[in-house]
Amino acid sequence: MYRRCALLARARFTSVPLRSDFSLDADAMLEAIARDRPVLVWLACPNNPTGNLFDASDVERIARAAPGLVAIDEAYYAYADATFLPRVLDFPNLVVVRTVSKIGMAGLRLGYLAGHPDWIAEFDKLRPPYNVNSLTQAVVPLLLANADVFATQAGAIRAERSRLAAALSKLPHVQMFATQTNFVLARVPDAQAWFAALRDAKILVKNLDGWHPLLANCLRITVGTPAENDALIDVLERR
Ligand SMILES: *Cc1c(COP(=O)(O)O)cnc(C)c1O
């Protein structure tokens with residue numbers, strides 16, 4: 001999506017591959033930053049579709065080296081152990097963007113950005129009028145008043161995530177990756193066949209095989225309800 005949005009804005013786009021363990025290749029990032037002098041750097045923390053949180057010191061190095069704005073995309077903040085939000089003013093070029101989509105409110109189309117007031121003033125010059133519609137705005141006080149409900153729900157999903165990952169890691173020849181999101185990433189022996197078996201059981205997961213060489217035979221599995229997770233584990237255990 002970052003690439004697509006950049007192209008829509010007629011901007012040049014450079015991407016830097018992660019290491020094979022999906023960690024940030026900070027040295028390669030710094031090289032690319034020195035070479036291309038980007039006006040904007042995006043870092044999804046935690047990352048989608050790999051699920052991992054990038055090393056905070058790598059993010060800091062990138063923020064210090066970048067000549068322009070660094071946007072930390074915290075779409076999965078509710079499922080992560082760390083955030084840059086309280087530190088956003090420690091760097092003159094950092095903003096944190098969040099969305100309520102991944103806490104179960106994707107239909108609201110609501111997101112927010114935190115940063116230095118000087119940056120906010122610049123963004124306000126570009127923000128289209130009424131970019132957050134009035135019905136969505138009317139829901140915001142409800143979201144805030146029920147923050148504990150959303151936190152409880154995220155906690156339940158995190159607990160189910162551990163259970164799901166533990167069950168999948170017991171399957172032969174399955175590699176699980178560390179996740180700080182509401183999904184787990186699994187490398188399986190044959191992603192196409194596993195995807196098809198789940199689809200036949202009316203369970204839809206994301207087959208990432210073919211997206212990028214690093215994601216060969218990887219499935220992204222969103223954590224469901226306990227019953228949904230049991231159904232998925234059951235299909236895979238019987239393979
Ligand atoms: C889902 C997601 C978003 C934003 O989703 P919206 O529904 O457009 O708010 C942003 N970044 C990442 C990494 C995501 O996974």
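In listed order, ligands and their atoms are each counted from 1.
Close approach of ligand 1 to Ala75 is summarised as follows: ligand atoms under 4.0 Å from at least one heavy atom of the residue are 2 (C), 3 (C), 10 (C), 11 (N), 12 (C), 14 (C). Using a 4.0 Å cut-off to heavy atoms of Asn48, the atoms of ligand 1 that qualify are 13 (C), 15 (O). Every atom of ligand 1 is numbered from 1 in the order shown, and the set under 4.0 Å from a heavy atom of Tyr76 is 15 (O).
Nearest residue to atom 12 (C) of ligand 1 from Leu43, Val97, Asp73 is Asp73 (criterion: closest heavy atom). Compare Cys45, Gly111, Ser101 by their heavy atoms: the one nearest to atom 7 (O) of ligand 1 is in Ser101.
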Would you check, one step at a time, whether the test side chain to side chain donor-acceptor pair (under 3.5 Å) holds for Gln192 with Asp209? CA-CA 8 Å; Gln192 187 53 47; Asp209 188 63; over 6 Å; no

Between Asn48 and Arg220, does a side chain to side chain donor-acceptor pair (under 3.5 Å) hold up when you go through it step by step? CA-CA 9 Å; Asn48 181 10; Arg220 188 187 68 186; 2.8 Å; yes

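In this structure, Phe183 has its ring center at least 6.0 angstrom away from the ring center of Tyr79.
Distance alone, capped at 3.5 Å, is enough to place a donor-acceptor pair between the Asn93 side chain and the Ala63 backbone. In this structure, Arg109 contributes its side chain and Ala106 its backbone to a donor-acceptor pair below 3.5 Å. Here the side chain of Glu74 pairs no donor or acceptor atom with the backbone of Pro46 at under 3.5 angstrom. Here the side chain of Arg163 pairs a donor or acceptor atom with the backbone of Pro226 at under 3.5 angstrom.
Remark: minimum distance from atom 8 (O) of ligand 1 to any protein heavy atom is reached at Arg109 NH2, 2.8 Å. Closest protein heavy atom to atom 15 (O) of ligand 1: Lys102 NZ, 2.6 Å. Nearest protein neighbour of atom 9 (O) of ligand 1, counting heavy atoms only, is Thr99 OG1, 2.6 Å.
Note on ligand 1: Met1 sits outside its first shell, no heavy atom being nearer than 4.0 Å.
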